[in-house]
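The analysis underlying the following values was restricted to heavy atoms, covering all of them including side chains, and did not include hydrogens, waters or symmetry mates.
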Amino acid sequence: MTIFSTHIDIDAPKEKVFQVVCDIEHYPDWHPSMKNIKGELELNRWIVLHMGERNKRGVKVPVIVSVLTENEKLEWQGSLFKKGALRKIFLVRHAFYVEDLGNGRTRFTNEEEFYGVLSKPVNMMRGKFIPGYRQVNEALRNFVEAK
């Protein structure tokens, strides 16, 4: 298992931050590597993340919404493979947390946990992954604070 966790403080109430995090239709407006998300954000429902750089093909990742606690936590779990034995090679749990810091400020935590055979190679590439998580955090902060 490998866990990456980053956080950022945002000058906005946690309800506003959580609303943006749960508005999956508008992720392409702020998320630097999300082309789109298909599906409905509901507990135990599958959604498909279409991730990648703009103007490039990208990859589609099916995930299931595993936790949806209003104004606290959004979590999904998935794999590059929706079904079958290959699914267990590379499992991912991705969670977003919002925490009220008082005075209209929020701490946003972006956490991803990798399981399976491929989690060890991912850990060795930690230095390449962490800047991407920080980029997402910055993009979210800029988007929320500009709204």
Side-chain angles (χ1 to χ4, degrees), residues 1-10 12-99 106-147:
M1 172 177 49
T2 297
I3 299 174
F4 299 144
S5 184
T6 59
H7 70 270
I8 194 165
D9 295 346
I10 300 173
K14 75 176 190 172
E15 295 81 7
K16 183 177 180 182
V17 175
F18 196 75
Q19 179 183 12
V20 171
V21 168
C22 289
D23 186 5
I24 61 174
E25 181 180 331
H26 290 99
Y27 266 52
D29 295 343
W30 64 269
H31 196 294
S33 61
M34 192 72 67
K35 293 174 170 286
N36 64 55
I37 301 177
K38 299 290 185 192
E40 298 293 323
L41 190 64
E42 293 178 18
L43 192 59
N44 298 317
R45 295 280 303 263
W46 285 97
I47 58 177
V48 178
L49 313 177
H50 187 184
M51 302 176 66
E53 295 179 35
R54 307 280 188 242
N55 304 320
K56 292 192 177 179
R57 188 168 178 213
V59 63
K60 293 183 180 179
V61 180
V63 298
I64 190 166
V65 178
S66 53
V67 177
L68 183 55
T69 306
E70 188 172 351
N71 298 321
E72 288 183 22
K73 181 179 180 182
L74 167 61
E75 177 183 293
W76 54 60
Q77 297 180 20
S79 174
L80 294 177
F81 311 98
K82 189 172 180 179
K83 297 180 181 177
L86 290 177
R87 181 171 163 72
K88 293 185 179 180
I89 291 174
F90 189 66
L91 297 169
V92 176
R93 179 193 64 82
H94 200 125
F96 302 114
Y97 304 90
V98 293
E99 174 189 356
T106 300
R107 174 156 297 149
F108 170 75
T109 301
N110 183 357
E111 182 177 282
E112 195 153 34
E113 191 169 354
F114 299 90
Y115 300 89
V117 176
L118 295 179
S119 68
K120 289 193 188 261
V122 167
N123 191 41
M124 291 187 298
M125 296 186 299
R126 178 176 295 273
K128 293 184 184 267
F129 277 77
I130 295 297
Y133 293 102
R134 289 190 178 127
Q135 183 181 20
V136 169
N137 296 354
E138 289 280 340
L140 175 65
R141 180 177 66 189
N142 293 341
F143 186 80
V144 170
E145 289 181 356
K147 275 186 111 180

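In this structure, CZ on Arg107 lies 6.0 Å from CD on Glu99, to the nearest 0.5 angstrom. Interatomic distance, Ile37 CD1 to Met51 CE, rounded to the nearest 0.5 Å: 8.5 Å. A distance of 12.5 Å separates NZ in Lys38 from CD1 in Ile47, rounded to the nearest 0.5 Å. The distance from atom CG of Leu140 to atom CD of Glu145, rounded to the nearest 0.5 Å, is 9.0 Å. Here the straight-line distance linking atom CD1 of Ile8 with atom CD of Glu138 works out to 4.0 Å at 0.5 Å rounding. Taking NZ of Lys60 as the reference point, atom CG of Asn36 lies at 7.0 Å (rounded to 0.5 Å).
Counting all heavy atoms, side chain and backbone alike, Leu68 lies closest to Leu43 at N-CD1, 4.0 Å. Considering all non-hydrogen atoms of both residues, Phe108 and Val21 come closest at CE1-CG2, 3.8 Å. Heavy atoms only, all atoms of each residue included: Glu70 and Phe18 are closest at CA-CE2, 3.7 Å. Considering all non-hydrogen atoms of both residues, Asn71 and Glu15 come closest at OD1-CA, 3.4 Å. Between Pro28 and Lys35, the shortest heavy-atom contact is CG-O, 3.0 Å.
In this pair, Trp76 and Phe96 present their aromatic rings perpendicular. The plane angle is above 60°, beyond the 30 to 60° band.
Two residues are said to be in side-chain contact when any heavy atoms from C-beta on lie closer than 4.5 Å; Ile3 and Glu111 meet this criterion. A 4.5 Å side-chain heavy-atom check between Leu74 and Leu41 finds at least one atom pair inside the cut-off. In this structure the side chain of Asn110 reaches within 4.5 angstrom of the side chain of His94, judged on heavy atoms. Between Asn142 and Trp30 the shortest side-chain heavy-atom distance does not fall below 4.5 Å. By the 4.5 Å heavy-atom criterion applied to side chains, Val65 and Glu42 are not counted as neighbours.
Phe114 and Phe4 have their aromatic ring centers within a separation under 6.0 angstrom.
The number of heavy-atom neighbours closer than 6.0 Å to CD of Glu40, taken from other residues, nucleotides and ligands shown, is 12 or below.
Distance alone, capped at 3.5 Å, places no donor-acceptor pair between the His7 side chain and the Asn137 backbone. Remark: side-chain polar atoms of Lys16 are paired, donor with acceptor, to backbone N or O of Lys147 under 3.5 angstrom. With Tyr27 contributing its side chain and Val20 its backbone, the two residues share no donor-acceptor pair below 3.5 Å.
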**Asked** Step by step, would you call Thr106 with Val144 a side chain to side chain contact (heavy atoms under 4.5 Å, CB included)?
**Response** CA-CA 11 Å; Thr106 300; Val144 170; over 6 Å; no
